Peer 1: 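My questions will all concern the structure given below.
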Amino acid sequence: MSLTKYDYVIIGAGPAGMAAAVEACQYGLNVLVLDEQPTIGGQIYRNIEDLEEQRPGEFHQLGADYQEAFELAQRFHSSEAKYRPGRSIWQIDSDLTLYHIGQDGGPSETCHAPRILIATGAMERPMPFPGWTLPGVMACTAADVLYKSSGLLPRGEIVLLGSGPLLLLIACRLLDAGVKIAAYLDTNPHLAPFQALPYLPEALRGHDYLLKGIAMLWQMFTSGAKVHLGVTGIEAQGEAHLQKVQFQQGTATWKELTADLLLLHHGVVPNVQITRQLGCEHAWYEKQRYWEPVLDQWGNTSIENIAVAGDSGRVCGSANSVLTGRLAALETARALGKIDSSQQTALAVPLLKRQNQELAIRPFLDTLFPPRRPWLVPQNEETLICRCEEVSVREIRGAVRLGALSPDRVKPMIRCGMGPCQGRMCGLTASEIIADERQVSPVDVGYFRVRSPIKPITLGQLAGID
Amino acid sequence: MFQPPPNVAKTVQITFEGQTYQVAPRQTVAAALMGEGYLTLRNSVVSGETRAAFCMMGICFDCLLEIDGRPNQQSCMIQVREGMNIQRQLKKGERA
Ligand SMILES: Cc1cc2nc3c(=O)[nH]c(=O)nc-3n(C[C@H](O)[C@H](O)[C@H](O)COP(=O)(O)OP(=O)(O)OC[C@H]3O[C@@H](n4cnc5c(N)ncnc54)[C@H](O)[C@@H]3O)c2cc1C
Ligand code: FES
């Protein structure tokens with residue numbers, strides 16, 4: 001397979017990737033956008049074009065953001081950027097050669113560009129507890145994806161567990177669509193609102209988001225769903241699929257609810273699979289307890305000519321993702337000689353101003369909805385952490401006691417992180433548990449070393465490479 | 001558990017475990033199967049416990065199915081195609 005050359009390869013066709021592509025094309029760059037999903041839009045605007053065309057009523061119900069995103073999608077399609085859906089990046093070399101495979105099982109292909117943008121978005125933070133592998137227990141965004149992409153709506157006894165703006169948003173979207181939510185188990189610590197107070201004045205600059213948040217809280221609390229606050233423990237139970245949940249608030253006695261579907265949410269963390277595989281420098285973001293690539297204001301990583309935009313840098317929402325995508329594209333246009341530094345600076349001024357506005361609410365939100373210890377380090381030692389290899393908290397602690405002090409040492413001993421998801425679902429929790437056992441910070445423990453291929457690839461697919 | 005929207009044109013025929021279904025186009029295999037009432041998609045290769053799609057975004061690999069003869073396909077990422085033949089991978093001990 002021959003090496004295809006571009007000026008700029010962008011990974012991800014979410015808000016960040018699409019905005020970067022549109023911007024870069026304006027300066028005459030030859031752009032390729034690769035995304036493993038079958039359609040554009042990323043996670044938030046999943047299936048947006050089809051929705052607008054096939055289900056206009058539901059599309060309009062999703063709000064003004066979706067109209068704006070639809071316009072971005074149209075600008076993206078009418079730009080010169082080449083877009084290839086259904087392509088998963090499984091490796092990037094330090095010389096900026098990129099390897100990708102198709103969902104169709106065809107051979108791996110390679111391409112090269114002097115600048116690469118990683119706009120691979122975020123994923124839900126794992127929320128392990130006993131029974132979270134049972135059918136009927138799902139990430140809350142999975143229900144959202146099913147609705148946006150197929151119009152599927154959950155039925156039966158629906159229970160929500162967790163906290164944070166995305167859980168509320170998805171709950172309200174389900175309510176708007178006529179779904180009845182039986183119970184809302186809120187896991188936020190009682191003290192969090194007080195701790196977030198100092199950030200409120202700054203957050204008032206983003207008052208649109210605050211008002212939206214208050215409206216969503218009101219809708220949720222008056223929907224008829226039973227709301228239980230301060231939930232600290234849960235078990236999902238059932239034969240072959242979910243039938244009931246038992247939950248605890250603090251030290252109170254456990255309560256039981258029948259449940260057909262349990263939707264979880266424990267915040268969102270950057271998808272750092274590619275920046276890790278490349279060996280970019282990462283830093284620990286204590287407020288939300290995740291690692292993020294270290295970036296400058298243009299999104300440049302510690303590795304030359306590799307940049308990051310959107311939620312794969314720091315989770316800041318779709319409007320900021322668009323801005324970071326555009327800023328990264330300006331940097332590429334300058335690096336490749338299409339604009340000079342003074343033009344770049346001038347073009348960036350309005351973007352940085354809007355970014356400042358967009359980010360005003362973040363310190364408040366990040367403090368109001370902290371990741372919480374019972375879900376970071378599950379109390380029940382039998383809780384499975386690694387879903388693929390079924391490794392429990394107890395086994396991880398045992399490995400640490402035998403001298404495995406880092407995730408990479410624990411991994412070969414008990415197979416934690418060695419299944420097909422390659423540690424995506426257990427990596428953060430494994431670091432937290434090892435740190436807890438050693439009584440140190442996850443910073444001292446580190447994260448799994450992410451190796452190529454970052455997506456499973458067959459020998460047949462590899463045969464296509466020169 | 002999941003109810004498909006009324007009045008959608010079901011124009012694609014797929015086969016799941018030997019049985020044929022008419023489903024709506026432009027949706028993923030995992031979504032189409034959930035719309036037909038199937039939640040459990042596979043069994044854990046370690047304990048044999050039942051598993052269903054968890055993330056619907058390509059992260060968890062709990063939705064692996066055999067599609068047109070190819071094992072370990074992420075059914076939440078692949079759209080249905082006319083004539084697609086889908087099988088569960090239920091055998092305990094078979095590794096992805
Ligand atoms: C499932 C989910 C649903 C969400 N829904 C909402 C919502 O409704 N409202 C809201 O305000 N926020 C939502 N968020 C938060 C939201 O993701 C962001 O604010 C916004 O979508 C970030 O945009 P982005 O462009 O950075 O990334 P994304 O929109 O996540 O786009 C990243 C793209 O990169 C692709 N990709 C990732 N890895 C690879 C790879 N190895 N190879 C090829 N392609 C790859 C993905 O397929 C994806 O399309 C959601 C987050 C998640 C995880
Ligand atoms: S449902 Fe998680 S990868 Fe498909």
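Reminder, nothing fancy here: chain letters follow the sequence lines and each chain counts from 1. Keep in mind that this is a model prediction, so the values were computed, not measured.
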Peer 1: Can you tell which part of A/P126 gets under 4.5 Å to a heavy atom of chain B, answering side chain, backbone, both or neither?
Peer 2: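 For A/P126, neither part sits under 4.5 Å from chain B.
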Peer 1: Between atom OG1 of A/T383 and atom CD of A/E235, what is the distance when rounded to the nearest 0.5 Å?
Peer 2: 7.5 Å
Peer 1: Give, as side chain, backbone, both or neither, the part of A/R46 having an atom under 4.5 angstrom from any heavy atom of chain B.
Peer 2: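 A/R46 touches chain B through side-chain heavy atoms alone.
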Peer 1: For A/P15 and A/G41, which heavy atoms make the closest approach, and how far apart are they?
Peer 2: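 Here A/P15 and A/G41 meet closest at CD-O, 3.8 Å.
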Peer 1: Please state whether the side chain, the backbone, both or neither of A/D50 comes within less than 4.5 Å of a heavy atom of chain B.
Peer 2: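 Only the side chain of A/D50 comes within 4.5 Å of chain B.
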Peer 1: Run the salt bridge (Lys or Arg N to Asp or Glu O under 4.0 Å) test against A/E124 and tell me which residues pass, sequence neighbours left out.
Peer 2: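 With sequence neighbours excluded, A/E124 shows a salt bridge (Lys or Arg N to Asp or Glu O under 4.0 Å) to no residue whatsoever.
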Peer 1: Run B/R81 and B/Q79 through side chain to side chain donor-acceptor pair (under 3.5 Å) and show every step you take.
Peer 2: CA-CA 6 Å; B/R81 276 187 313 270; B/Q79 288 195 331; over 6 Å; no
Peer 1: Between A/R424, A/E390, A/Q103, which has the largest tally of heavy atom pairs under 4.5 Å with chain B?
Peer 2: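 Option with the greatest count: A/E390.
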Peer 1: Less than 4.5 Å apart, side chain to side chain, heavy atoms only: is that true for A/L261 and A/M138?
Peer 2: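 Yes, their side chains come closer than 4.5 Å.
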Peer 1: Rounded at 0.5 Å granularity, tell me how far CG in A/D144 sits from CG in A/L167.
Peer 2: 11.0 Å
Peer 1: Select, from A/D260, A/T458, A/N47, A/T133, the one with the greatest count of heavy-atom pairs under 4.5 Å involving chain B.
Peer 2: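 Ranked by heavy-atom pairs under 4.5 Å with chain B, first place is A/T133.
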Peer 1: Atom CZ in B/F54, atom CZ in A/R387: separation rounded to 0.5 Å?
Peer 2: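 One finds 4.5 Å between CZ of B/F54 and CZ of A/R387.
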Peer 1: Is it the side chain or the backbone of A/I158 that comes within 4.5 Å of chain B heavy atoms, both, or neither?
Peer 2: neither
Peer 1: For residues B/D68 and B/G83, report the shortest heavy-atom separation together with the two atoms involved.
Peer 2: OD1-O, 4.3 Å
Peer 1: Which one of B/Q73, B/M57, B/Q27 has the most heavy-atom pairs closer than 4.5 Å to chain A?
Peer 2: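 Result: the option with the highest number of such pairs is B/M57.
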Peer 1: Parallel, tilted or perpendicular: which fits the ring planes of B/Y21 and B/F16, with parallel below 30° and perpendicular above 60°?
Peer 2: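 The rings of B/Y21 and B/F16 sit tilted, inter-plane angle from 30° to 60°.
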Peer 1: Name the region of B/I59, side chain, backbone, both or neither, that has any atom closer than 4.5 Å to a heavy atom of chain A.
Peer 2: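 Both backbone and side chain of B/I59 come within 4.5 Å of chain A.
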Peer 1: Closest heavy-atom contact between A/Q237 and A/L134?
Peer 2: C-CD1, 3.6 Å
Peer 1: For B/R51, is it the side chain, the backbone, both, or neither that has a heavy atom closer than 4.5 Å to a heavy atom of chain A?
Peer 2: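 Looking at B/R51, backbone and side chain both touch chain A.
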Peer 1: So what's closer than 4.5 Å to chain B heavy atoms on A/T39: side chain, backbone, both or neither?
Peer 2: side chain
Peer 1: Checking heavy atoms, do the side chain of B/D62, its backbone, both or neither come under 4.5 Å from chain A?
Peer 2: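 Side chain of B/D62 only, per the 4.5 Å heavy-atom cut-off to chain A.
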Peer 1: Heavy-atom distance under 4.5 Å to chain B: side chain of A/Q54, backbone, both or neither?
Peer 2: side chain
Peer 1: Go through the atoms of A/L146 and report whether side chain, backbone, both or neither lie under 4.5 Å from a heavy atom of chain B.
Peer 2: side chain
Peer 1: With a 4.5 angstrom heavy-atom cut-off, which part of B/A24 approaches chain A: side chain, backbone, both or neither?
Peer 2: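 Contact with chain A involves no heavy atom of B/A24 at all.
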Peer 1: Side chain, backbone, both or neither: which part of A/Q43 has an atom under 4.5 Å from a heavy atom of chain B?
Peer 2: side chain
